[in-house]
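Worth saying up front: this structure is predicted, and the values here are computed from it rather than measured.
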Amino acid sequence: MKGAIAAVAEVGNIVKTYGNRSVVNDISFSVSLGEIFGLIGPNGAGKTTTIRMMMDIVKPDSGEIRILGEKLDEDTKDKIGYLPEERGLYKKLTVTETLNYLSALKGRQPDNIRTEELLKRVGMLLHKKKKIEELSRGMGQLIQFLATIIHDPQLVILDEPFAGLDPVNTELLKEIILELRGQGKSIIFSTHQMNQVEELCDRILMINHGRSVLYGKLVDIKNKYRNNSVLVDAEGELGELDSVVNIQKIGKYTELFLDDRTPPQKVLEQIINKGIVVNRFEVTTPSLNQIFIRVAGESSE
Amino acid sequence: MNKTLIILKHEFSRTLSRRSFILMTLAFPLLALLAIVGYQATQGLWQPSAPETTTIGYVDQAGGFDDYTSQQDVILVLQPGEDEATEALLEGEISQYFVIPQDYLSTGLVYRYTLEREVEPPGKVKQVIRNFLIGNLLADETDSLVVERAQYPLSLNSITLDESGQIAEEQGGFAAFIVPYIFSFLLIMAIFTSSGFLMQGLGEEKENRIMEILLSSVSPRQLITGKVLGLGAAGLLQVIVWLISARFLAGMASSTIGGMLSSLQIPTDFLIISLVYFILGYFLFAIIMAGAGSIGASARESQQLSVIFTLMAVSPLWFAYLITSNPNHALVQFLTMFPFTAPVTVMLRMGLTDIPAWQLVVSIGLMIVTIVGLLWLVAKVFRTFLLMYGKTPRLGEIVRYLRQA
């Protein structure tokens, strides 16, 4: 069976239109077992609508979605943990009541041992009897995150999970997410803060205006959009170098743009041969932000 | 466990733990009990003090008025003349006096003198003087039994019969009127407490954005069914507490207070109809409140949307006079059958008249049809509006979404 469900989520050509506004236009992707998948794009690109369709909250006009090989129905909701971007909790319930109720709604019998384990993991065991309204904002967000994974879902969808979290809790959340991947869970990250997910994501789908603009392994995408330039921090003047078409000073670094035929090693060779001391030599990779700006610029032309 | 059932249990227990719900459920029986106990206690305080004897003086210028001078706790004392009578009045020997002039027989005029400022002579004094006059006038003409009948000609005892000629269970009167009146208030309160909680809950869930988490776990239909049934169960519990205590308290009130409340009793068919109309009324308004709760951007805006239906529900109370004075008027029949006014109208009418069975059947039938139709309509828009945050859609938009759905 395992081979048959290699894809935890399969989204095929989904389309959603509100009135005459096209929100999601022919988007397809799949998420594999044990991977962290980035769904990225600017605000209003259609990320949340895509996720709502995966959760069966909103029905697509056309297209198909399968979760763990099954068509969407009420049961598939139980297999997904979803942390919405717009989120809140019942103010009057206690932490334990909240987690137990939301767990039951996800079809898992409330289990105090698991609830306490999770609370312990985020250092909130002492707060278990407190009402939600007594918690700080950051604590509330941690509880929301725990509510997302309380029923041990195979697929976790996080919509802007770090929004409003302090650096300590952001790190804590990242750690837990990596642990989940270690347990073979799949995670979908949806965010407009593209740089935040670079270090975590295995593969990404970049969308803009409801359309898919980039899809694939993060490494491949970065290679494809490389500038073919290198950053050098060297002592002394570099002077004339072969195959370098442009030179730019960025603070104490020098960025050298190479022609298309020359690999970076050739340039390094030249510098070393000149007897210049090199403190740092780095092949530049563009950030997701830069790639997005380039791709968005291309697609709008 | 079934998710609808989980929501039902959650809403039920959360409502039961609400302070305002507990207060309202207990307030009515406690207040009534307090009133009865309070009445008994004060009765106990007043009873022992013996009735005071009132002394009234009179001056007899016509002559012949000297019998029947002692009636109940009033003693009539003949005064020799007006001056002496005034003196006795000022000294406090008599509380007041009246003068029967010489030409009394032809004019019927009697002058009464008192130290009190009054709007009108006390009824009891009038009654005493009247009986004194009748008694003396007729004393020589006929026997004492006829005199007594002339003084008290009527003690009316009216009995309502049912269709079979038997004495009817409900005898009307003040008690029969007050019970439906109180019940129609309670019915409205019960219906709007529960359906109000429903709307408030939905509004809060929209406002604090838990809605999306809920909808990612359950379907909109499971959510609304669980909520309506959970809160309905809490409301039903409230109504049952009220009905049971009302029956108990009514018995207590009629046996201890007596008088105009002596016929106070709550017949079984009244209880059953009350329950039926609570359940139907609750469903009707709960669905409307759920619709308003899903459409409004906040609990407050939803409240404003639902006000018109709340007003419709209480509107029969504005016609209470018409309903009590003419329970079979055409307008009253319309109010009985119009779903939004039916619960209260039926409550009000039931104590006063037998509502024809066909009207009850039509009324209940129309309510069920309306409930089903509204449920279908609300279910269509529920999903769309629950996730529409920040603004309340205009009427045009609502209609457009309904068409699209």
Margin query: What's the separation between atom CG in A:Leu105 and atom CD1 in B:Ile213, rounded to the nearest 0.5 Å?
Written below: 10.5 Å

Note to self: Check whether A:Lys106 reaches the backbone of B:Ser216 with its side chain - one donor and one acceptor, N or O, closer than 3.5 Å.
What the structure shows: yes

Notebook entry, point to check: Any Lys/Arg nitrogen of A:Glu74 or B:Lys3 sitting under 4.0 Å from an Asp/Glu carboxylate oxygen of the other?
Noted result: no

Note to self: Run the side chain to side chain contact (heavy atoms under 4.5 Å, CB included) test on A:Leu93 and B:His10 for me, step by step, so that the C-alpha distance in whole Å, both residues' side-chain angles and the decisive distance to 0.1 Å come before the verdict.
What the structure shows: CA-CA 11 Å; A:Leu93 290 190; B:His10 176 79; 3.7 Å; yes

Margin query: Quick check on A:Leu178: does its CG atom have over 12 non-hydrogen neighbours (other residues, nucleotides or ligands) under 6.0 Å away?
Written below: yes

Margin query: Please classify the contact of B:Gln222 with chain A as side chain, backbone, both or neither, using a heavy-atom distance under 4.5 Å.
Written below: side chain

Note to self: Under 6.0 Å from the ring centre and within 45 degrees of the ring axis: does the NZ or CZ of B:Arg14 meet both conditions for the six-membered ring of A:Tyr90?
What the structure shows: yes

Item checked: Atom CZ of A:Arg211 with >12 non-hydrogen neighbours under 6.0 angstrom -> no

Item checked: Check: B:Glu212 and A:Leu83 side chains under 4.5 Å, non-hydrogen atoms -> no

Item checked: A:Leu126, CG atom: more than 12 neighbouring heavy atoms under 6.0 Å -> no

Margin query: With side chain to side chain contact (heavy atoms under 4.5 Å, CB included) as the criterion, how do B:Leu215 and A:Tyr82 come out once you've worked through the C-alpha distance, each side chain's angles and the decisive distance to 0.1 Å?
Written below: CA-CA 10 Å; B:Leu215 288 185; A:Tyr82 170 38; over 6 Å; no

Next item on the list: State, yes or no, whether a side-chain contact exists between B:Ser217 and A:Leu102 at a heavy-atom distance under 4.5 Å.
Entry: no

Margin query: Is it the case that atom CZ in B:Arg18 sees more than 12 heavy atoms from other parts of the structure closer than 6.0 Å?
Written below: yes

Margin query: Show every side chain to side chain donor-acceptor pair (under 3.5 Å) that has at least one partner inside residues 283-293 of chain B, sequence neighbours left out.
Written below: none

Margin query: Below 4.5 Å, heavy-atom pairs only: which of A:Ile80, A:Thr148, A:Leu89 has the largest tally toward chain B?
Written below: A:Leu89

Next item on the list: Return the option, out of A:Lys59, A:Gln144, A:Lys91, with the maximum number of heavy-atom pairs under 4.5 Å with chain B.
Entry: A:Lys59

